[in-house]
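Not measured: the values here are computed from a predicted model. Just so we're on the same page: letters track the sequence lines, and every chain starts at 1.
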Amino acid sequence: MKQLNRELESAISAALLSAQMDGQLPAFVIPEIPVSPPKRADQGDLSYPAMGLARLARRSPLDLAGLIVERLNSLAFIDCVEIAPPGFINFTIADDYLKRQVDAIIAEGEDFFQLDIGAGKTAQVEFVSANPSGPITIGHTRGAVVGDAMARLLEAAGYQVQREYYYNNAGNQMMVLGKSLMLRYRQQIGDAVDYPRDYYQGEYLIEIAAQLADAHGDALRDKDWAWFKDAAEARMFEWINRSLTAIDIQHNEFFNETSLFEDGRIWRTLEAMRENGHIYESTHWEGADAAEIADVASKGYEPATWFRSSGFGDEKDRVMVKSDGAPTYTLPDIAYHSDKLERGFSIAVNVLGTDHFSQAQVVKYGLRALGMDPEPIHVIFVQMVRAVRWNEAIGAYEAVKQSKRAGDFDTLDDLVVMTSADAVRYHMLARSPNSQLDFDVDQVVKQSNENPVYYIQNAYVRCAGIFREADERGFSDDGADLSLLGADELRFVRKALELGNVIEQAVSNYEPHKIAFYAHELAAVFHPIYDRARVLHSEVPPDVAKARLRFYRAAAVVFHRVLRLMGMSAPERM
RNA sequence: GCUCCAGUAGCUCAGGGGAUAGAGCAUUGGUUUCCUAAACCAAGUGUCGCAGGUUCGAAUCCUGCCUGGAGCGCCA
């Protein structure tokens, strides 16, 4: 399927170039030509503002528009070209062309607007990457949904995509997890245990401990924390995967942080940075002022290993290896990302919470210190998400507390149970990643009947309903004459033809939420048509009915495609 | 204190140099002999946080300020 605005952009560029060749316009480098749908229907289907180029061309905007139109090669899909003050060129798409696209859409099916922007290129999306120390929370879910939608859109753009989970199973937190489970287990078998406040407080560890006690009695009393760490990790990992699978998210690569320790890659990374002159040993960072040095001295640290990240623009240097010999989280992270770059992806998208902002910066400085170009890596930062609920008493929204007893929740599992996988996916996606999200529990749960989720899916359901009825009546669209389609149906086809640009923009700007808004707009165009353009109705002549049935087959293809791009289901009934 | 993100309708949010700023929810009234109501039709609401600046043109770009959030660990 063609992206019509792209075709027009090339045509306008060509017109400008030919005018330059003939000396009609001065020489200048032709910039990007933005062609997009205008706001109002009487402004055509696609529009180009020539005002922006008027100064370069040394013409009045209207003159320039006129000149472009004169030199424009005729395009099969364009019916009418108009110039509107102060210098817009408005194009109308030919009805014949739109009618032909109905069959074209059906022929493309699941490949409708499968683009070739990324043909022959590889992309990786790293997302979720939650520590295996607890369940997937609402916060993780946002990253999960955004990342998976990004992956689907990249695939639609033609990239070969890998979905990766950086499995953060090394480090201090995992030790604490192991020790936590160990103590919970000992509590279960009746030992008097003092459970530290900075250990994991979640009830899920108590449940696992109870299961272990049921299965093994007190036979595990002599196992060390490492044994319990492995036990906890395995269960958490399984749990996380089950939760993600429930909203149709599957990674196809799991990268273990521990592997970076086992094969010594973190130390090789450190040495490579040292060889490039970016590592030093000290009790404090080189740029520290007197107050900082005094502060550090009071803590009595032995020298640590520092990365001179300030040389790359960082506000201060960072510790790579602590004075106790253990690496910080940053070192394996740099090693991991250097490995990622070495794998040669054209694009490596990383979906992170904004709390990782500084960390991501330091990793990029680290990659530069290794002599690598971090350019293929693009980070989508998703802002905080919190579940809120309207509190009538105070007349304001209130954050939902993390208390299962009170019927509140903060995990993906609970969210899915209370709403649905599709609702979770839509609501998490239908927001710009860099705006904070208040997930209104009541709106998603109680008002699910008037939810955009079902508004969109219902469009597909309605098509399916027509096909069922048509089958029962033995009515087919064989030999449909698409010239009988009306203005309503063509409006939908116009909207459907915008999908290519939506995919392209979502991919090139790393804005997967665009597809969610587009889906809603598409449904808003569809439903009124469904009301008016009936198929199996006594007053609709059979030849018109055939044409319409064909049209709805195309509409179903479009909705199916869009729903799948969002990772949502396309149900036949609701 | 420094960095990043946000502030647009009553609420939740799109739009991020282009024509008269949009959607959902909420509110009000109406619509179904035949695929359909999780739908359709109709109605109303804005100092686009504030103040300057750039531009033919600013909700959009620049500067300053106000408000909310995140980050600035020898945590991960």
How far, in whole Å, is [M] from [N] if one measures between their [atom1] atoms?
N      : M      : atom1 : value
B:rA9  : B:rU60 : P     : 15 Å
B:rA59 : B:rA21 : P     : 10 Å
B:rG69 : B:rG64 : P     : 22 Å
B:rA26 : B:rC11 : P     : 16 Å

Tell me which nucleotide among [options] gets nearest to the side chain of [X].
X        : options                : result
A:Phe357 : B:rG24, B:rC74, B:rU3  : B:rU3
A:Gln173 : B:rA39, B:rA70, B:rC75 : B:rC75
A:Asn131 : B:rC35, B:rG71, B:rA76 : B:rA76
A:Gln43  : B:rG71, B:rA19, B:rA39 : B:rA19
A:Tyr455 : B:rC13, B:rA39, B:rC35 : B:rA39
A:Asn434 : B:rC5, B:rC35, B:rA19  : B:rC5
A:Ser358 : B:rC72, B:rG69, B:rC74 : B:rC72

Before giving the answer on ring pair (Phe, Tyr, Trp, His ring centres under 6.0 Å), spell out for A:Phe467 and A:Tyr552 the whole-Å C-alpha distance, their side-chain angles and the decisive distance to 0.1 Å.
-> CA-CA 9 Å; A:Phe467 306 151; A:Tyr552 285 110; 7.7 Å; no

Name the nucleic acid region contacted by [X], choosing base, sugar-phosphate or nothing; use a 4.0 angstrom heavy-atom cut-off, strictly under.
X        : result
A:Asn90  : base
A:Ser435 : sugar-phosphate
A:Glu472 : nothing
A:Arg468 : nothing
A:Gly52  : base
A:Gln436 : base
A:Ser432 : sugar-phosphate
A:Phe517 : sugar-phosphate
A:Ala170 : sugar-phosphate
A:Glu315 : sugar-phosphate
A:Arg462 : base

Do A:Asp289 side-chain atoms and A:Ala291 backbone N/O form a donor-acceptor pair below 3.5 Å?
-> yes

Using the aromatic ring of A:Phe88 (for Trp, its six-membered ring), decide whether it stacks on the base of B:rA19 within the limits of 5.5 Å and 30°.
-> yes

With centres under 5.5 Å and planes under 30°, do A:Tyr301 and B:rC74 count as stacked?
-> yes

Do [X] and [Y] make a side-chain contact, defined as non-hydrogen atoms from C-beta onward lying under 4.5 Å apart?
X        : Y        : answer
A:Ile380 : A:Phe127 : no
A:Leu536 : A:Leu549 : no
A:Thr137 : A:His140 : yes

Are A:Lys340 and A:Glu164 close enough for a salt bridge, meaning some N to O gap below 4.0 Å?
->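 Result for this pair is no, no salt bridge flagged.
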
Is it true that A:Lys514 and A:Glu504 have a side-chain N and a carboxylate O under 4.0 angstrom from each other?
->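 No salt bridge links A:Lys514 with A:Glu504.
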
Let's test this: given Watson-Crick or G-U wobble pairing with both distances under 3.5 Å, identify the partner of [N].
N      : value
B:rC56 : B:rG18
B:rG7  : B:rC66
B:rC74 : none

Ignoring backbone atoms, test whether [X] places a side-chain nitrogen or oxygen under 4.0 Å from the OP1 or OP2 oxygen of [N].
X        : N      : result
A:Tyr48  : B:rA19 : no
A:Lys322 : B:rC75 : yes
A:Lys514 : B:rG15 : yes
A:His513 : B:rG15 : yes

Contact list for RNA chain B against residues 53-67 of chain A - heavy-atom distance below 4.0 Å |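 RNA chain B contact set from residues 53-67 of chain A: A:Arg55.
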
Whole angstrom value for the distance that separates [atom2] of [N] from [atom1] of [X]:
X        : N      : atom1 : atom2 : value
A:His527 : B:rU32 : NE2   : C1'   : 17 Å
A:Tyr530 : B:rC41 : OH    : P     : 15 Å
A:Leu522 : B:rG24 : CG    : P     : 15 Å
A:Asp355 : B:rC5  : CG    : C1'   : 13 Å
A:Asp324 : B:rG73 : CG    : C1'   : 14 Å
A:Phe559 : B:rA39 : CZ    : C1'   : 13 Å
A:Lys316 : B:rG71 : NZ    : P     : 16 Å
A:Ile456 : B:rA39 : CD1   : C1'   : 14 Å

Taking for each residue the nucleotide of RNA chain B with the nearest heavy atom, is it A:Pro49 or A:Glu302 whose nucleotide lies nearer the 5' end?
->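 Its nearest nucleotide lies further toward 5', so the answer is A:Pro49.
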
Closer to the 5' end of RNA chain B via nearest nucleotide, is it A:Arg431 or A:Met384?
-> A:Arg431

May I ask you to check whether over 12 heavy atoms, not counting those of A:Glu82, lie within 6.0 Å of atom CD?
-> no

Return yes if the base of [N] and the side-chain atoms of [X] contain a donor-acceptor N/O pair under 3.5 Å, otherwise no.
X        : N      : answer
A:Ser323 : B:rC74 : yes
A:Gln359 : B:rG71 : no
A:Ser133 : B:rA76 : no

Do A:Phe526 and A:Phe559 pass the ring pair (Phe, Tyr, Trp, His ring centres under 6.0 Å) test, and can you show the C-alpha distance, the side-chain angles, and the key distance before you say yes or no?
-> CA-CA 10 Å; A:Phe526 175 87; A:Phe559 279 109; 5.3 Å; yes

Relative to each other, are the rings of A:Trp239 and A:Tyr204 parallel, tilted or perpendicular (30° and 60° limits)?
->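 Plane angle over 60°, so perpendicular.
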
So A:Phe551 and A:Phe492, would you call those rings parallel, tilted or perpendicular, with 30° and 60° as cut-offs?
->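 Aromatic pair A:Phe551/A:Phe492 classed perpendicular.
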
Which residues pass the side chain to side chain donor-acceptor pair (under 3.5 Å) test with A:Asp488, sequence neighbours left out?
->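 A:Arg491, A:Arg532.
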
Using the six-membered ring of A:Tyr200, assess whether NZ or CZ of A:Lys179 lies under 6.0 Å from its centre and within 45 degrees of the ring axis.
-> no

Would you please say whether a donor-acceptor pair under 3.5 Å links the side chains of A:His527 and A:Arg462?
-> yes

Please write out each protein N/O paired with an N/O of nucleotides 29-31 of chain B under 3.5 Å, distance rounded to 0.1 Å.
none

